[in-house]
Structure formats: C-alpha cells, structure tokens
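Below is one structure, written out as structure tokens; the observations come after it.
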Amino acid sequence: MVRYNPKETEPKWRKAWADAEAFKASIDKSKPKYYVLEMFPYPSGRLHMGHVRNYALGDVIARFKRARGFSVLHPMGWDAFGLPAENAAMERGVDPRGWTYDNIARMRDELKQLGLSIDWTREFATCDLAYYGQQQALFLELYERGLVYRREATVNWDPVDQTVLANEQVVDGRGWRSGAVVEKRKLNQWFFRITDYADQLVDDLATLDRWPEKVRVMQENWIGRSKGLKMVFRFAGEPPSGAADGVEVYTTRPDTLYGASFVAVAADHPLAQLAAARDPKAAAFVERCRKGAVSEAEIETQEKEGYDTGLKVKHPFDAHWELPVWIANFILMDYGTGAIFGCPAHDQRDLDFARKYDLPVRAVVLPPGADPATFDVGDEAYVGPGAIFHSQFLDGLDIETAKAKAIERVEAQGDGEGATVFRLRDWGVARQRGWGCPIPVVHCPRDGMVPLPKSALPVALPDDLEFGKPGNALARHPRWKHTSCPKCGGPAERETDTLDTFVDSSWYFARFTDPMAGEPIDRAAADYWMPVDQYIGGIEHAVLHLLYARFMTKALADEGRLSVREPFAGLFTQGMVTHETYRRQSGEWLEPAEVEIIHEGKTRRAILGGVGEPVVIGDVEKMSKSKKNTVAPEEIFDVYGVDAARLFVLSDSPPERDVQWTTGGVQGAWRFVNRVWEEFDSQPAEVRSAGADDEAALAIRRMTHRTVKAVTEAIESFRFNSGIARLYEFLNLLKGNPAKDASPAVLAARAEALSAFARLVAPFTPHLAEECWARIGGKGMVVEAAWPAYDPAFTEDAQKVLPVQVNGKRRGEITAPAGAEPAEVEKIVLDDPEIARRLEGLTIRKVIVVKDRIVNIVAA
RNA sequence: GCCGCCGUAGCUCAGUGGUAGAGCGCAUCCUUGGUAAGGCUGAGGUCGGCAGUUCAAUCCUGCCCGGCGGCACCA
C-alpha cells in the first residue's frame, strides 16, 4: 500500500500535460467549438481563494467539454493597467511596469500550480504594448465613426484617486475603488457614445437566455429606458428675454396632465440661470442648490426645496389655466429635459413638494371602487391603476389609453411628441492617470484636437514615468507629451489622459482568439471562436464590465470587426469564498491560524492558540485582508495538495452561492482524495474477463452507469457540488465491494467502474484522475480520453418497487415491471394478500396509480 | 418602497409531489506495524410560520416572519 502523495504526483502530471501540449487550442472545423473564459485577474501578485474557485469552476467546464469532443479555447491573461500599480509605485518607490510584470510572473506560477487546462501560448497583459497599441487603433476607428467625443461635462471626481469616474463606477456616492465621497467637477472629458446603443443593449438582453435573470434585470434597470412625452408648457404672456417661448418637460404620465399644479426646473436649467440673473433671491437659491449638491450621496438625502420664479406657463389643454414655474433641488438637469410638470396627487415626490409649499393637489386617477365625489389623497400619492376623472376628454379612460390619447392631442397641437428617455449616460473614458493606455490624439495650437493617423501607432508610454507624487505622471513627464502635429507639422502636445481600464477589458476576449494578430482582431479566428460560450466571474461586474463589453462588441460588429453582436452567450456568476471571523475581546481581528476551536458537545468556542485567551467568533464574511479571515491558497496546496483544495471549493456549495471555507471541509476533501486512491490501488492490474454478472456485479454496473448519467447532467447544469456528491456515493459502493476476495464478475464490474470513475472525477481533481488512470492501465492520459458513456439499460430498473398507500398512509409495497400500465398495476395490488387484508371491510372508492412511482387506494 | 435570492440535522449544504440525505462535528466501540492516522455503529430533523390545491405537500400556489443582495428624488 502506497499512500497518495500529491507533492509528487501533481507536478508530474502538470509537466506531462505541458509536454503533450494537451490544452493548445486550434481551429478544427471537424469539431464543434467551445470557448470557456473566466474574467481575467488583476495581477495583484497574490492568488486568493476567490481566484481558486473562479478558475476551478471554469476548468471543470473546459475539461468536460474537451472530453466531450469539443475544440476548446480556454485562455488566460492579465487586466494589468490601473491604480494599484501607481499606488505601489508611490508607496514603495518602485516602477509600476516592473511591479506589474513581477506580479504577473508570480501569479502565473501560482495559477499554473492549480493545474488549469489553459492554453498558455495565448497569454497577454493589457499593459503589453502589443495589446494597448491595437486598442489605440480601435479608439481611432470609434472616433471616425463618431462614437468618441470630447466635451466639457460635470463629472464624478474621486479626490483620493485623483481621477474622473464613470457613473457606473460611483456606488452610493463613493468611488468604487477608493471608497472616497465623489465630488462633482466640470472638466473636458472623453466619452464613448454608449447611449447610441441604449435600445439595443436593452432589447438584446432578451436573447441572453443563458444569463442569470438577476444580471439582466440589473442591466435593464441601469439603462432605465422609459417611454413618455416631451412637451412644451408655453409662457403666459411675454416670455422672459433670452428664453424660448416655453419650458420643455418630460413625463411618463401624460394621462395626469389635468392634475398638474406646477412646473419645476433644475437649478442648472437655463431658465433658472435667467431667473437668477434678474432676481438675487433666485440667485441665492440656485447657489445654495449647487453648494449643497457636492456629492451624489448628499443629493440623494437632502430635503426637497424650491423657489418660485414668479413666471407663469399655460396649461396645454386650457389656455386660461396658469401654472407657476419653480426651481427645485430634486430635479436632475441631465435626465429628460431637466424640467417636469408636477402632479402631486399621483407622485409622492411632487406631493411632498406641494404640501411643503401649499400648492394645489388635484386627483385625476380614481382607484377602483372609490367614490369620485369624495376621493382625495392625504399624504400618500395614489400611483395604482384606475379610471381617469376630472380630466375632460380623458374622463373614464384607463391609464394606458389616456396616455396615448394625451400624447396624440399634444402632438396634434404641435406642443411636443412621444419620446424614449434613458437613465444611461455616455461612458466617460478618460482617466487622469499615467499607468494606462494613452489616448492617441494630439492638441495643436493651430489645428486643435487632431487624432493620430494609424501609421503613428502605437503611442507607447515612456519608460521613465515619475510616480513619486499624486496626480498624472504622464502629464508632468518632461518630454513625452511634446510632439508634432500630424496635420501641420508644427509643435503640438499629446493628450495626457489615458483610457479607463474598463476599456481594456471590453474587448480582450476577442483578442484571445488570435493574440498575435497584426490588427486588433483577426476576423477569421474571431468568427470561429466567438462568442464566448461560457463566461464566468463575480456578480460585482453585473453592470460595469458586462455592459461595456456588450457595447464594445456591438460597436465592433458595426465596424465589421466582429460577426457577433453579443460577446457572452452564457454567463455564470459565482459566489464568494467566505470564512468565519475572529476577534479578541479588545476587538482586534485575529487570523484563523492564530485561533484554536474547541468543541464541547454541540457547542464550540474559540481560544487564542497557545495562550488560552477567549476569542469571539464573529460573522461569516467574504475573505478579506482587513478582517484577517483569509486562508492562503499556497499553504493549503502545500498541506493537502491542489486537488483537495479544488475539490473542496467545488463540492461544498452550489457554484452560484457563497462557499464557506473550513478546515474540516478541506480535510474531508483530502480524505476523499486518499480513499479514491486506495480504491484504485487495491484493484489488481489484470482482470480476466468474467462470465455472467452476479448480483453484486450487477449492482456495481448499475451504479456506474447511473453515476455517469448523473455527473454528466450535473456538470451540464452547473451543479458541480451534486455531481461530486454522486461520486462520494459511488466510492462508498465500491468500498462496500472491495477487490479483496471478490468474484471475477465483481472484479470486472469494478474495472469498468474505476475506468469511468477516473474520467468522471478528472474535471474536479485532474492530477488524481491521471494517477488513477495510469494505475489501472488506462490508454494515454485522462485528458486525451473520451468522456464515459452510459447504457440506459443499466440506469433504469426492469422491475420497480411501488409503495402502496391506503388513504394516504403507507400499507405495503408491490413489485411491478417498469412502465407497467395502471390497470396492470392495479391488478397486482389487489391480488396482494397483505393489501387485501388492509382493505377488509372497506369499499374501494378510487385507485390512483402513478406510473413507476406509487399506488394510492382511497377506501371507506 | 420596488425587484431578486435564501430559510432542511449542532455547523456548512444537497434533494424530491410519494419512507428525509452528504460532509464536518458529537457519542460508543474497534484498530494501535497506515498512527499528528484508519475503521464500525449510533444519536440528532413538526424540512421558517399559517392557509390553499391534491388521494398525498419539505417540494406547487398565496399570505406572513426572518436573513442576504440589487435598485431607488429618473419625472
């Protein structure tokens, strides 16, 4: 008996795979293709358990599909630009480029240790000149097609990272990375015209049937398409000088126009500016709105306030009806038209405002069953369904019909038209940082902004950036930005903003199809491999990265660079790796390794190892350095081997749920690895062909074929944990029928079982599978072997045991042929003496036969 | 407030319209030349609550309670 030693077997098999180039992807039109991709990592330098889980999940799919006869592409690269490198540079005085590439080298080694079936020949980093140079070419193409523009805009400014953030990157008013409260600033900014694709980005979500519903909903909410009416409220009397002849508002509730009681505009609205110029009090109010609204977080919590400009507008359906125009702090200038009409009775926000300033509240939607004579809203707006009333030509209509009719009337009057409005804003892509992809544009005193010709690409970052202080290292570099204008040849300055790193990750999946191509994307390679069949990553990118990648794919398709309009046919969002937290009484966090857990009957407590000081066991939370509840993958690999670590993160929870890391759990996985090996090791090398199956052999064969079926289905439906559970049961059965003293038939059945077992376990524990495969004399390596097939004759019983219930209580069981018809089963049941005894003195009312499942007799 | 997910053994989680499962933990015993190890056996569950559908509900439906996540002055 030789104990299983992962320290020897694991490196041995990784070398064998590499020598055989087992995972090299190639275009093979004789096979179906399958592209598996996990979101590529930021090269922090350290592999964490989240990576282990993410890449192990993808590896299961990749290995499974390869065994199933697919031509598989499973690449790996690095999302390598970004702020951590600059911060490290600032803190430690190192060079970001060297720091990044050193980290990549370290993480590559760790990832390779995981035994992933990756084609490493395709590896690249986004900070490779060969990659970002091609990205600059794409930028220029987008520019030519009018999808890139530059304008002065109010932007989200992160005061800690000292850069602009896109709307998607501001979470609860704070920077997604730094956590700093975001400020509003006016800056010249570069934008991608993602709003041009807003309709498609919503509509095409419906085609993504292998995406989680949750992510589709989040994207739909983010894009926020709403259909309504843009219309003008004209001024009563002379318009103020400098103003148009009315105020244009946007509404989704034109059915409530007869409930209007005021018009309100944003503080940044031109009309508010105009009012401020004439009226010092208005100016003061506008100023106050501006000041109060420094951060997103504050805007969302501040109380509703307004100022009456004294201006009046006419109601569109009644020229004698005048409405006041207010400036209000809750109107957003960059949504709709920056102006609304207020209908307090049917909008809570308008109602709060109206109650505060004592404006009229007119109900125009009557809830079902309410009395039109007495119905009124109190302090709660009515937003439910109902019939329109107090509304002239709209009276009696339901809400949807009334909307259509109101729009029709407004359009006929020439006062506006039906319109679709989005919450989505254009994507601000410029970052004032040095460690990123330079924007390939120069500023010329004579010709203004001039995009570089493609012949001038790539624009490389200088080697000697100075990162010692905050701000943009590229902008303060002494020489880099000085160049000549491609148009006039005179002196000009390069753009010193770089691209958001989300641009880098918005097309890398297409580059993987041919990472050496001399142009951004090799069309033939992309046509073969795209779309990504299965994309795997964290839910935190539900909006950000996944929205940008979808936009870029559509833009590239319109440019003729891609044939697909969606990048990811299947998306899977995996859960996090969590761990218990521990703290001293003083509140100081403790690492799991410092803590000793003591079991006392059913309860458990913790003490500080070696000292005995009691430790508070806290919540189970995502592994994070700040709470010290991390477990280093390399230490686990060292003690238990890579396969046990992979097996544990795959087996303990369904992949979409969080998995809680526990020492006991990984030990259980490690024991499983050892028990599997023992089972293979105890099997004699030579098994003579046996005669007929005996009872035990038949049971093994049935289990073998059933397990093949179950594991296959489990992998296909992302239930890896239940697939592994079936392998546990399979192993338990084999242990119950050991090779020692077994009949020839059982030995033969075991041989068949073990051959299937090695291949079934291979996606989860690939090294162990190879060692086991070799032990039983398998041909070649498991990575070259076909996935086992099952014979339905073994997965279904010829005879079924059916429980028999009388009035819902179990009273016996009978045996019937599989698939027997109800009449046949009923006869067997009624012939059964035990059942007959139970039915003595009762009248049978009804016999229910569920084919192959159960029989129930209703009797009285 | 709206949307989604979750609630099954002490813990972490499977599962099914028809007798409730795994790993860990716990208890008993065995092994003590696999030994900072291995094995046998066992205890432990009104499947969050209430109601409905059904011959039969842990599973389907509705309501409620609890936990988690996302969205939210978007006109």
Side-chain angles (χ1 to χ4, degrees), chain A residues 1-3 171-172 212-218 220-222 224-226 228-230 249-254 256 263-264 266 299-304 328-332 334-343 346-350 352-353 380 383 421-424 539-540 542-543 575 578 580 597 599-604 620 648 651-654 656-669 671-672 674-675 678 714 719 721-726 728-729 732 735 801-810 813 845-850 853-859:
Chain A
M1 171 89 67
V2 181
R3 292 210 76 183
V171 180
D172 293 334
E213 171 73 14
K214 179 181 176 151
V215 174
R216 284 183 292 174
V217 168
M218 283 167 72
E220 198 173 337
N221 288 343
W222 183 265
R225 178 162 67 187
S226 89
L229 172 67
K230 271 188 186 172
V249 305
Y250 174 72
T251 179
T252 56
R253 293 299 301 273
T256 64
V263 164
I299 290 174
E300 281 168 20
T301 51
Q302 71 194 358
E303 202 186 325
K304 287 165 195 52
N329 65 347
F330 62 89
I331 313 293
L332 308 174
D334 59 0
Y335 183 80
T337 61
I340 62 151
F341 82 80
C343 175
H346 305 294
D347 182 299
Q348 190 59 46
R349 184 198 46 192
D350 293 346
D352 294 344
F353 190 76
E380 204 169 321
V383 294
V421 162
F422 296 92
R423 180 181 175 278
L424 182 71
I539 187 74
E540 67 273 19
V543 175
T578 62
E580 259 180 353
I597 304 289
H599 291 274
E600 287 166 341
K602 282 179 181 172
T603 63
R604 53 200 287 278
V620 173
F648 174 57
S651 67
D652 206 51
S653 287
E656 69 276 14
R657 298 259 292 263
D658 290 351
V659 61
Q660 185 184 342
W661 186 274
T662 59
T663 307
V666 72
Q667 283 171 348
R671 268 178 221 142
F672 177 76
N674 281 290
R675 286 206 304 267
E678 282 162 19
R719 290 179 289 112
N721 56 324
S722 10
I724 293 167
R726 299 304 287 260
Y728 268 85
E729 289 171 26
N732 284 342
K735 281 182 80 74
V801 175
L802 281 66
V804 179
Q805 295 178 332
V806 176
N807 291 334
K809 292 209 172 97
R810 184 188 161 82
E813 58 185 36
R845 290 255 173 84
K846 196 174 173 187
V847 179
I848 299 136
V849 178
V850 182
R853 298 301 288 269
I854 198 168
V855 181
N856 193 16
I857 299 168
V858 186

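Residue numbers begin at 1 in each chain, while the letters A, B, ... track the order of the sequences. Treat the numbers as computed from the prediction; the structure is a model and nothing was measured.
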Taking B:G70 as the reference, what is the distance to B:G62 when you measure between their P atoms (whole Å, please)? 26 Å

Contact between A:F341 and A:D350 at the side-chain level, heavy atoms closer than 4.5 Å - yes or no? no

A side-chain contact here means heavy atoms from C-beta on lying under 4.5 Å apart; do A:F353 and A:N329 qualify? no

Between B:C60 and B:G25, how many Å separate the two C1' atoms, rounded to a whole number? 35 Å

Pairwise P distance, B:U31 and B:G21 [rounded to whole Å]: 32 Å

Side-chain donor-acceptor pair under 3.5 Å between A:E678 and A:N674, yes or no? no

Rounded distance [0.5 Å steps], CD1 in A:I340 versus OH in A:Y335: 12.0 Å

Just how far, in rounded Å, is P of B:G39 from CZ of A:F672? 13 Å

Distance, P atom - from B:U16 to B:G7, rounded to whole angstrom: 13 Å

Pairwise C1' distance, B:G10 and B:C71 [rounded to whole Å]: 37 Å

Nearest-nucleotide 5' precedence on RNA chain B, A:S651 against A:I331: A:S651

Quick one: does A:E678 reach the base of B:G34 with a side-chain donor-acceptor pair under 3.5 Å? yes

Taking atom C1' in both B:A22 and B:G17, compute the distance separating them and give it to the nearest angstrom. 23 Å

Verify the contact: side-chain N or O of A:R349 to OP1 or OP2 of B:C74, cut-off strictly under 4.0 Å; return yes or no. yes

Can you see which heavy atom on A:Y250 is nearest to which on A:G336, and at what distance? CB-CA, 4.2 Å

Looking at B:G70, B:A75, B:C3, which one has an atom nearest to any side-chain atom of A:V217? B:C3

Do A:Y728 and A:S651 pair up side chain to side chain, a donor and an acceptor below 3.5 Å, judged on atom types alone? no

Does a side-chain N or O of A:Y335 approach OP1 or OP2 of B:A75 to a distance below 4.0 Å, or not? yes

Check whether any side-chain nitrogen or oxygen of A:R671 sits under 4.0 Å from OP1 or OP2 of B:C24, and answer yes or no. yes

Side chain of A:R423 only, please: which of B:C74, B:G70, B:A75 is the nearest? B:C74

Within the structure shown, what part of the strands sits under 4.0 Å from A:T251 by heavy-atom distance: base, sugar-phosphate, or nothing? sugar-phosphate

Rounded to the nearest angstrom, tell me the gap between atom CG in A:N221 and atom C1' in B:C3. 7 Å

Taking the P atom of each, how far is B:G48 from B:C11, in whole Å? 14 Å

Please examine the side chains of A:K230 and A:T337, heavy atoms only from C-beta on, and report whether any two atoms are closer than 4.5 Å. yes

Whole-Å distance separating the CG atom of A:N721 from the P atom of B:A14: 6 Å

Applying a 3.5 angstrom cut-off to the pairing atoms, does RNA chain B sit in any stems of at least three consecutive Watson-Crick or G-U pairs? List them by first number. B:1-7 with B:65-71, B:10-13 with B:21-24, B:48-52 with B:60-64

What's A:R675 touching, base or sugar-phosphate or nothing? Going by heavy atoms closer than 4.0 Å. sugar-phosphate

Measuring only the P atom in each nucleotide, how far is B:U54 from B:G23? A whole number of Å is fine. 40 Å

State which of B:G23, B:A75, B:G15 makes the closest approach to the side chain of A:R719. B:G15

